[in-house]
Amino acid sequence: MKKMTNIVIFGFMGTGKTTVGQILAEKTGKIFLDMDKIIEKREKRPISAIFESDGEAFFRDLERNLVRELSEKEDQVIATGGGVVLNAENVSDFEKTGLVVCLMARPETILARVASQTHRPLLEEGDKARRIMDILAARKKLYESIPWTLWTDDLSSAEVAEAIFRAFEG
Ligand code: S3P
């Protein structure tokens, strides 16, 4: 039986996973890990280059392997990438290790947050607003399948972190 010491943050791109995770790590004294950053460091290239040279399926395999690795460890706050939810085993692996939460936001909130950014390959293929709507619609059921979803549109990152902290402390 694994100890439930991790906090794992799921959610669509631009829902604030990284910022909230960093605040939570400070509050709890746990180590903060950003899955995208770990993959980029190990691959020695940005995610956009991984998608371009090796394709999305290759990136999803990297994510899957990293979930396996991290779900064996304890006392981490983990910000997942927005697509980690695509593989149900990723969710169930993390559920065995601690509190799992999915940050949610309306498409217009997400658009406002990512409008000036260009590092997400899936949002660079055509009109950003359209891409957000389409990908959100395709993944809606997956995000909603996570037992605890937290709407972030009207909350600051500190407020979101506080809500998760309170749930974790029980
Ligand atoms: C992706 C989200 C990104 C990153 C990659 C793919 C997705 O992470 O993993 O660009 O499929 O939703 P963020 O959610 O941290 O932007």
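Index from 1, following the sequence. Basis for what follows: all heavy atoms, side chains included, without hydrogens, waters or symmetry-related copies. Both counts, for ligands and for their atoms, begin at 1 and track the order of listing.
- The closest protein non-hydrogen atom to atom 16 (O) of ligand 1 is Arg120 NE, 2.5 Å.
- Counting heavy atoms under 4.0 Å from ligand 1, residue Leu122 touches it through the side chain alone.
- The heavy atom nearest to atom 11 (O) of ligand 1, out of those in Glu56, Glu63, Arg60, is found in Arg60.
- Short contacts between ligand 1 and Phe59, defined as distances under 4.0 Å to a heavy atom of the residue, involve ligand atoms 9 (O).
- When only non-hydrogen protein atoms are considered, atom 15 (O) of ligand 1 lies nearest to Asp36 OD2, 2.9 Å.
- Scanning the protein heavy atoms around atom 7 (C) of ligand 1, the nearest turns out to be Gly83 N, 3.3 Å.
- Between atom CD of residue Glu74 and atom NZ of residue Lys3 there is a gap of 5.0 Å, rounded to the nearest 0.5 Å.
- Side-chain heavy atoms closer than 4.5 Å link hydrophobic residues (I, L, V, M, F, W, Y) into clusters, and following such links, even through other members, never connects Leu33 to Ile7.
- Considering both main-chain and side-chain atoms, Gly82 comes within under 3.5 Å of ligand 1 through a nitrogen or oxygen pair.
- If you look at Arg139 next to ligand 1, the close heavy atoms, those under 4.0 Å, all belong to the side chain.
- Leu66 pairs with exactly one of Ile38, Ile78, Asp61 by the side-chain contact (heavy atoms from CB on, under 4.5 Å) rule, that one being Ile38.
- Between the OG1 atom of Thr109 and the CG atom of Asp154 there is a distance of 7.5 Å, given to the nearest 0.5 Å.
- Here Ile39 contributes atom CD1 and Leu62 contributes atom CG; the two are 5.5 Å apart, rounded to the nearest 0.5 Å.
- Dense packing is recorded around CD of Glu124, with more than 12 heavy atoms of other residues, nucleotides or ligands lying under 6.0 Å away.
- Neither the backbone nor the side chain of His119 comes within 4.0 Å of ligand 1, counting heavy atoms alone.
- Listed by number with element, the atoms of ligand 1 under 4.0 Å from a non-hydrogen atom of Pro121 are 10 (O).
- Atom NE2 in His119 sits 5.0 Å away from atom CD in Gln117 (nearest 0.5 Å).
- The shortest non-hydrogen separation linking Val101 to Ile146 is C-CG2, 4.4 Å.
- Met35 does not count as a contact of ligand 1, since none of its heavy atoms falls under 4.0 Å from the ligand.
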Using a 3.5 Å cut-off and no angle test, enumerate the donor-acceptor pairs between side-chain atoms of residues 158-170 and protein atoms at least two apart in sequence or in another chain.
from   : atom 1 : to     : atom 2 : distance (Å)
Glu159 : OE1    : Ser156 : N      : 2.8
Glu159 : OE1    : Ser156 : OG     : 3.4
Glu162 : OE1    : Lys27  : NZ     : 2.7

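- Here the heavy atom of the protein found nearest to atom 14 (O) of ligand 1 is Lys17 NZ, 2.6 Å.
- Near Gly81, meaning under 4.0 Å from one of its heavy atoms, ligand 1 places the atoms 8 (O), 9 (O), 14 (O).
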